[in-house]
A.B. asks: 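The following block contains the structure, expressed as structure tokens.
The first residue in the sequence is number 1, and the count goes up from there.
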Amino acid sequence: MGNLSVVLLVIIAANAIISFKGFSDFAFFEKYKFNVGGIHRGEKFRMFSSGFLHVDTMHLFFNMFTLYIFADIVVGYLGNLYFLIVYIGSLLLGSLLSFAFHKNEYHYSAVGASGAVMGIVYSAILLQPDMSLFLFFIPIPIPAYIFGIGYLLYSMYGMKSQLGNIGHDAHFGGAIGGYVITLILASWLFEEHLLMIILLAIPIVLLFILKKLGKL
């Protein structure tokens, strides 16, 4: 715990406090969740506030645990301020992509820090692409860039098939946010990890092509 940055602790605390408030206060949850109809009515704050609400304690724990695992890498390379910029920017990009894909579905709602967390995950992958990840259902280490590409492809499949009660578009938007913002803040990556940058860009480019063609 001594190695945790103050910014990370504040983010985790904010998620916990706001989420637990939402668990016990239905009106509060409804007011601040991501909802397309509400956003169309001018309640733009939902695109930010929804990133601090969660469906239940397991949803909250999984997002905060994932954030905890990857945050040290981003803070270590970029510092606390840039870590915060990546987190908030990814949260907003996730919400914006969700709105772009569901803007005509006035009933569509979502909550969770997944977009922001995925932004931190992808930032960490860019900063340290040679690290290996251990997933619960795969007993062997996976190169981080393979996971990154695979997850974005899975998210596209989930968006197309509306797989599960998961905001795949928010995950994808958050990953794009983490990818783009990190490259802006750490331009030296173009010299050190250019191949990985190109590889991780492939599913992002594919998303926009498929959207343009009306396939998503």
A.B. asks: Could you check whether any side-chain heavy atom of Leu199 comes within less than 4.5 Å of a side-chain heavy atom of Ile149, counting everything from C-beta outward?
C.D. replies: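 Yes - at least one pair of side-chain heavy atoms lies under 4.5 Å apart.
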A.B. asks: For Met159 and Asp169, which heavy atoms make the closest approach, and how far apart are they?
C.D. replies: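 Heavy atoms of Met159 and Asp169 come nearest at CG-N, 3.7 Å.
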A.B. asks: Side-chain heavy atoms under 4.5 angstrom apart, residues restricted to Ile, Leu, Val, Met, Phe, Trp, Tyr: same cluster for Val74 and Ile125?
C.D. replies: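 Same cluster: Val74 reaches Ile125 through Ile, Leu, Val, Met, Phe, Trp or Tyr contacts under 4.5 Å.
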A.B. asks: So which heavy atom on Ser90 is nearest to which on Gly178, and how close?
C.D. replies: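 Looking at all heavy atoms of both residues, the closest pair is OG-N, 3.1 Å.
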A.B. asks: Please say yes or no: joined through hydrophobic side-chain contacts below 4.5 Å, possibly via intermediate residues, are Tyr145 and Val205 part of one cluster?
C.D. replies: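 In one cluster with Tyr145: Val205, no.
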A.B. asks: Aromatic rings Trp188 and Tyr77: how do their planes relate, parallel, tilted or perpendicular, breaks at 30° and 60°?
C.D. replies: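 Taking Tyr77 first and then Trp188, their aromatic rings lie parallel (interplane angle under 30°).
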A.B. asks: Determine whether Leu96 and Met47 make a side-chain contact, defined as any pair of heavy atoms from C-beta on separated by less than 4.5 Å.
C.D. replies: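 Result yes, sub-4.5 Å side-chain heavy-atom pair found.
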A.B. asks: Looking at His40 versus Phe99, is the centre-to-centre ring distance below 6.0 Å?
C.D. replies: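 When the ring centroids of His40 and Phe99 are compared, they turn out to be within the sub-6.0 Å range.
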A.B. asks: To the nearest 0.5 Å, tell me how far Ser5 OG sits from Leu81 CG.
C.D. replies: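 Ser5 OG to Leu81 CG: 11.5 Å, rounded to 0.5 Å.
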A.B. asks: Kindly compute the distance separating CZ (Phe147) from CG (Leu152), expressed to the nearest 0.5 Å.
C.D. replies: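 So the gap between those two atoms works out to 9.0 Å.
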A.B. asks: Determine the minimum heavy-atom distance between Gly22 and Phe29, stating which atoms define it.
C.D. replies: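 The answer is O-CB, 3.8 Å.
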A.B. asks: Regarding Lys211 and the six-membered ring of Phe101, is the cationic atom NZ or CZ under 6.0 Å from the ring centre and inside 45° of its axis?
C.D. replies: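 Judged by the rule (NZ or CZ under 6.0 Å from the ring centre, within 45° of its axis), Lys211 counts as positioned above Phe101.
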A.B. asks: With a sphere of 6.0 Å drawn around OH of Tyr106, does it hold more than 12 non-hydrogen atoms of other residues, nucleotides or ligands?
C.D. replies: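 Not more than 12 within 6.0 Å, no.
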A.B. asks: Heavy-atom distance under 4.5 Å between the side chains of Phe34 and Leu53, does that happen here?
C.D. replies: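 SC-SC contact between Phe34 and Leu53 ruled out.
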A.B. asks: Can you get from Leu93 to Ile39 by hopping between Ile, Leu, Val, Met, Phe, Trp and Tyr side chains that sit under 4.5 Å apart?
C.D. replies: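 No.
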A.B. asks: For Leu189 versus Leu126, what's the shortest heavy-atom pair and its separation?
C.D. replies: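 Minimum heavy-atom separation between Leu189 and Leu126: CD2-O, 3.6 Å.
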A.B. asks: Run the numbers on Ile85 and Leu78 for side-chain contact (heavy atoms from CB on, under 4.5 Å), then give the verdict.
C.D. replies: CA-CA 10 Å; Ile85 291 172; Leu78 302 182; over 6 Å; no
A.B. asks: Pick from Leu9, Ile11, Val10: which one makes a side-chain contact (heavy atoms from CB on, under 4.5 Å) with Val7?
C.D. replies: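 Running side-chain contact (heavy atoms from CB on, under 4.5 Å) over Leu9, Ile11, Val10 with Val7 returns exactly one hit, Ile11.
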A.B. asks: Would you say that more than 12 heavy atoms from the other residues, nucleotides or ligands in this model lie under 6.0 Å from the OH of Tyr151, or not?
C.D. replies: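 Counting other residues, nucleotides and ligands, OH of Tyr151 exceeds 12 neighbours.
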A.B. asks: Determine, using ring centers only, whether Phe20 and Phe23 are less than 6.0 Å apart.
C.D. replies: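 Under 6.0 Å, so yes.
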A.B. asks: Is there side-chain contact between Ile18 and Tyr32, with at least one heavy-atom pair below 4.5 Å?
C.D. replies: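 They are not in contact (no side-chain heavy atoms under 4.5 Å apart), so the answer is no.
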A.B. asks: Look up atom CG in Leu84 and atom CG in Leu8, then write down how far apart they are to the nearest 0.5 Å.
C.D. replies: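 These two atoms lie 11.0 Å from each other.
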A.B. asks: Quick one: pull up CG in Leu97 and NE2 in His171 and give me the separation to the nearest 0.5 Å.
C.D. replies: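 That separation rounds to 11.5 Å.
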A.B. asks: Does Tyr179 use its side chain to pair, donor to acceptor, with the backbone of Ile197 at less than 3.5 Å?
C.D. replies: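 At least one qualifying donor-acceptor pair exists.
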A.B. asks: To the nearest 0.5 Å, what is the distance between CZ (Phe190) and CD1 (Ile198)?
C.D. replies: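 So the CZ of Phe190 and the CD1 of Ile198 are separated by 9.5 Å.
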A.B. asks: Kindly assign one of parallel, tilted or perpendicular to the pair Phe61 and Phe65, based on the angle between their ring planes and the thresholds 30° and 60°.
C.D. replies: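 If you compare the ring of Phe61 with that of Phe65, the planes turn out parallel.
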A.B. asks: Is there a side-chain contact between Ile204 and Val180 in this structure, where contact means two heavy atoms from C-beta onward sitting under 4.5 Å apart?
C.D. replies: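 Not touching, per the 4.5 Å side-chain cut-off.
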A.B. asks: According to a 4.5 Å side-chain heavy-atom criterion applied to Ile, Leu, Val, Met, Phe, Trp and Tyr, with indirect links allowed, do Ile120 and Phe52 form part of one hydrophobic cluster?
C.D. replies: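 Yes, one cluster joins them.
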A.B. asks: Is there a side-chain contact between Tyr82 and Ile181 in this structure, where contact means two heavy atoms from C-beta onward sitting under 4.5 Å apart?
C.D. replies: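 Side chain of Tyr82 against side chain of Ile181, heavy atoms only: no contact under 4.5 Å found.
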A.B. asks: For Lys44, does the NZ atom have more than 12 heavy-atom neighbours from other residues, nucleotides or ligands under 6.0 Å away?
C.D. replies: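 Yes.
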A.B. asks: Does Leu67 reach the side chain of Asn63, with side-chain heavy atoms less than 4.5 Å apart?
C.D. replies: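 When only atoms from C-beta onward are counted, Asn63 and Leu67 do not touch, as no gap falls below 4.5 Å.
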A.B. asks: Could you go through the side-chain contact (heavy atoms from CB on, under 4.5 Å) check for Met118 and Phe172 one step at a time?
C.D. replies: CA-CA 8 Å; Met118 287 310 303; Phe172 205 118; over 6 Å; no
A.B. asks: Is Ile176 close to Phe208 at the side-chain level, that is, under 4.5 Å between some pair of heavy atoms?
C.D. replies: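 Result yes, sub-4.5 Å side-chain heavy-atom pair found.
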A.B. asks: Answer yes or no: is there a donor N or O on one side and an acceptor on the other, between the side chain of Thr182 and the main chain of Ser123, under 3.5 Å?
C.D. replies: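 A pair under 3.5 Å: no.
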A.B. asks: Evaluate the criterion side-chain contact (heavy atoms from CB on, under 4.5 Å) for residue pair Phe62 and Thr66; output intermediate values, then yes/no.
C.D. replies: CA-CA 6 Å; Phe62 183 78; Thr66 304; 4.0 Å; yes
A.B. asks: Students often mix this up, so state it plainly: with edges at 30° and 60°, are the rings of Tyr108 and His102 parallel, tilted or perpendicular?
C.D. replies: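 Answer is parallel, since the angle falls under 30°.
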A.B. asks: Do the rings of His54 and His59 sit parallel, tilted or perpendicular, given the 30° and 60° boundaries?
C.D. replies: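 Judged by the thresholds at 30° and 60°, the geometry between His54 and His59 is perpendicular.
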A.B. asks: Can you name the closest pair of heavy atoms from Ser50 and Ala110 and give their distance?
C.D. replies: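 Looking at all heavy atoms of both residues, the closest pair is CB-O, 3.8 Å.
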A.B. asks: Are Ile209 and Leu153 co-members of a hydrophobic cluster defined by side-chain heavy atoms under 4.5 Å apart?
C.D. replies: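 As far as the 4.5 Å side-chain criterion goes, Ile209 and Leu153 are not connected within one cluster.
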A.B. asks: How long is the gap from CG on Leu185 to OG on Ser187, to the nearest 0.5 Å?
C.D. replies: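 It is 9.0 Å, given to the nearest 0.5 Å.
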A.B. asks: Testing the basics here: between Arg46 and Lys33, what is the closest heavy-atom pair and its distance to 0.1 Å?
C.D. replies: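 That closest heavy-atom pairing would be NH1-O, 2.9 Å.
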